[in-house]
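Residue numbers start from 1 in every chain, and the chains themselves are labelled A, B, ... in the order their sequence lines are given, proteins ahead of strands. Note that the coordinates shown come from a computational prediction; the quantities given were computed from them, not determined experimentally. All values below were derived from every heavy atom in this structure, side-chain atoms included, with hydrogens, water molecules and symmetry-related copies excluded.
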2 protein chains.
Amino acid sequence: MTVPVSAPVPAPVPAPVPGLRERKKQRTRDALIRVALELFTRHGYEATTVDEIVDAVEVSQRTFFRYFSSKEEAVFAVQQMTEERFVHALGQRPPDEAPIDAMRNAVLSAWDTIGEAIEEVIPVDLHLRTYRMIESTPALLAVHLRRSTEMEETIARIIAAREGLDVDEDPRPRIAVAAFSGVMRVTGQMWGRGTDGSLEAIRALTEQYLDQLGPALAPRWRD
Amino acid sequence: MTVPVSAPVPAPVPAPVPGLRERKKQRTRDALIRVALELFTRHGYEATTVDEIVDAVEVSQRTFFRYFSSKEEAVFAVQQMTEERFVHALGQRPPDEAPIDAMRNAVLSAWDTIGEAIEEVIPVDLHLRTYRMIESTPALLAVHLRRSTEMEETIARIIAAREGLDVDEDPRPRIAVAAFSGVMRVTGQMWGRGTDGSLEAIRALTEQYLDQLGPALAPRWRD
DNA sequence: TTGTCAATTGTCAGTCGCTGTCATTAGCCT
DNA sequence: AGGCTAATGACAGCGACTGACAATTGACAA
């Protein structure tokens with residue numbers, strides 16, 4: 001067994017200049033996302049055909065499906081970024097926090113930094129309209145929920161690791177995450193139905209609803 | 001204001017003999033469901049085309065889409081029945097039960113009577129295989145989750161009514177239901193992955209996992 | 001029984017999402 | 001400059017789904 005004393009840096013700056021080819025790809029991808037979301041939110045998701053998107057971006061339909069495995073996937077490209085934010089934030093939480101608190105604080109801190117990250121690809125305004133579209137379009141809502149449960153498994157494993165547990169032995173990580181995610185979903189729903197579409201509003205709702213989780217499970221509601 | 005003393009029965013037997021036309025429709029519909037689920041579970045959902053189903057039942061493709069608005073909907077026809085069972089069972093719970101307990105007992109009592117109800121349309125065995133297929137087929141899982149959240153809204157309103165609350169004023173009904181449903185979903189997942197595919201097994205898991213909801217939300221897991 | 005009405009079904013043509021294939025283009029690297 | 005390879009475009013085809021119209025078949029009254 002060798003003890004790594006001073007490991008050599010594997011790659012100082014792996015991508016200093018991404019190269020023309022890579023930059024071109026990134027631009028095409030971003031353009032597809034922007035145009036797609038713009039058309040989706042303007043005319044509706046199903047009313048917009050893939051042909052309309054690729055005509056506007058001036059690429060072939062085949063290219064669209066090389067970037068996104070489906071029309072739906074284009075909708076969730078930005079969503080994916082915010083999910084990664086949350087997972088990262090959760091990993092940063094101090095290990096002595098209770099599981100529920102760690103998740104709660106991770107969402108709240110994620111909400112704080114998400115705005116700027118989104119702005120690099122699309123206007124935040126467009127992203128908010130996209131979120132509402134997802135909530136109100138059955139086909140998209142379905143995919144959204146499936147993606148959420150996929151992330152729940154990821155989160156459950158992080159929580160289990162924090163507590164030194166095995167997810168397949170102790171059901172509590174998955175259950176805590178499921179309960180937490182359920183509340184977050186209701187939060188998103190209520191925010192989408194409300195009139196205040198700001199990031200501050202959803203942050204406030206997040207806190208408010210998570211605070212109600214304990215009381216909601218209490219045996220007696222009337223007092 | 002009139003006090004209903006002894007309400008007259010509105011319609012004694014509205015449908016004594018459904019008529020040939022109606023019976024024929026029911027038979028076609030049941031046949032489509034049976035054959036579809038059989039083929040789906042045997043060869044896989046996406047691998048089975050609608051044409052294969054309608055060829056086996058000897059109807060036109062157009063007829064299939066008159067009975068089911070999509071290929072997916074055929075999968076959930078039986079599921080729908082069990083959901084109605086649960087809603088009914090929930091309505092029967094005594095009003096003094098705590099919300100969470102009412103839901104818990106409603107599922108458990110529903111599991112008891114679901115078997116026979118299913119058998120009228122398809123073999124229970126086929127239904128169990130269908131459930132597993134849904135869990136393991138992304139496209140179906142997505143639809144399943146969306147249907148679940150639609151039912152959550154229904155349940156939340158029942159809970160709110162029991163407690164004399166307005167779902168749009170007090171968030172607790174929706175939150176309690178979301179947490180509850182999250183746990184039920186994990187239950188279904190775990191059951192689908194396990195080896196014991198019996199109705200007893202899922203009943204046992206239901207009890208076990210719901211018992212863990214409180215502990216999972218506790219601030220300290222280690223003791 | 002028969003004729004009429006309306007519900008149900010079949011046929012056909014067409015749209016749209018999506019995929020496999022193959023030729024063409026265009027960065028990249030020696 | 002020229003070869004290599006990644007990216008794109010063009011095309012054909014499949015399967016889910018829909019609209020429109022014609023054909024069939026129970027229902028029900030004359």
Ring pair (Phe, Tyr, Trp, His ring centres under 6.0 Å) partners for [X], two or more places apart:
{"X": "A/Phe86", "answer": "none"}
{"X": "A/Phe76", "answer": "none"}
{"X": "B/Phe64", "answer": "B/Phe68"}
{"X": "A/Phe65", "answer": "none"}

Grab the two heavy atoms, one from A/Ile122 and one from A/Val78, that are nearest each other, plus how far apart they are.
CD1-CG2, 3.9 Å
Over-ring placement of B/Lys25 relative to B/Tyr67, 6.0 Å and 45° cut-offs
no
Determine which pairs satisfy side chain to side chain donor-acceptor pair (under 3.5 Å) with at least one residue from residues 80-92 of chain A, sequence neighbours left out, and list them in order.
A/Glu83-A/Arg147, A/Arg85-A/Thr113
Using distance alone, with no hydrogens and no angle criterion, decide if B/Thr49 and B/Asp51 have a side-chain donor and acceptor under 3.5 Å apart.
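Judged by distance alone, the side chains do not pair up.
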Spacing of [X] atom [atom1] relative to [N] atom [atom2], expressed in whole Å:
{"X": "A/Asp51", "N": "C/dC18", "atom1": "CG", "atom2": "C1'", "value": "11 Å"}
{"X": "B/Gln26", "N": "C/dT8", "atom1": "CD", "atom2": "P", "value": "12 Å"}
{"X": "B/Glu46", "N": "C/dG17", "atom1": "CD", "atom2": "P", "value": "18 Å"}
{"X": "A/Lys25", "N": "D/dG9", "atom1": "NZ", "atom2": "P", "value": "14 Å"}
{"X": "B/Ile53", "N": "D/dG15", "atom1": "CD1", "atom2": "P", "value": "13 Å"}
{"X": "B/Arg27", "N": "D/dG26", "atom1": "CZ", "atom2": "C1'", "value": "13 Å"}
{"X": "B/Phe64", "N": "C/dT11", "atom1": "CZ", "atom2": "P", "value": "17 Å"}

Please work out which residues in [range] have a non-hydrogen atom less than 4.0 Å from an atom of DNA chain C and list them by number.
{"range": "residues 55-62 of chain A", "result": "A/Gln61, A/Arg62"}
{"range": "residues 65-79 of chain B", "result": "B/Arg66, B/Tyr67"}
{"range": "residues 138-145 of chain B", "result": "none"}

Is any side-chain heavy atom of A/His43 closer than 4.5 Å to one of A/Glu38?
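SC-SC contact between A/Glu38 and A/His43 ruled out.
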Within-4.5 Å side-chain heavy-atom neighbours: A/Leu213 and A/Phe180
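A/Leu213 does not reach A/Phe180 side chain to side chain.
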Are A/Thr63 and D/dG9 close enough that a side-chain N or O sits under 4.0 Å from OP1 or OP2?
yes
State which residues pass side chain to side chain contact (heavy atoms under 4.5 Å, CB included) with A/Glu207; sequence neighbours excluded, sorted by chain then number.
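Per chain and number, A/Glu207 pairs via side chain to side chain contact (heavy atoms under 4.5 Å, CB included) with A/Arg104, A/Leu108, A/Arg203.
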Are there any protein N/O atoms within less than 3.5 Å of an N/O atom in nucleotides 25-27 of chain C, and if so, which ones and at what distance?
residue, atom, partner, partner atom, Å
C/dG27, OP1, A/Lys24, NZ, 2.8
C/dG27, O3', A/Arg21, N, 3.4
C/dG27, N3, A/Arg21, NH2, 2.9

Using the salt bridge (Lys or Arg N to Asp or Glu O under 4.0 Å) criterion, which residues pair with B/Arg62? Sequence neighbours excluded.
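With neighbours one apart ignored, the set is empty.
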Side-chain donor-acceptor pairs under 3.5 Å in residues 133-143 of chain B, sequence neighbours left out?
residue, atom, partner, partner atom, Å
B/Ser136, OG, B/Arg132, O, 3.0
B/Ser136, OG, B/Met133, O, 3.3
B/Thr137, OG1, B/Met133, O, 2.8

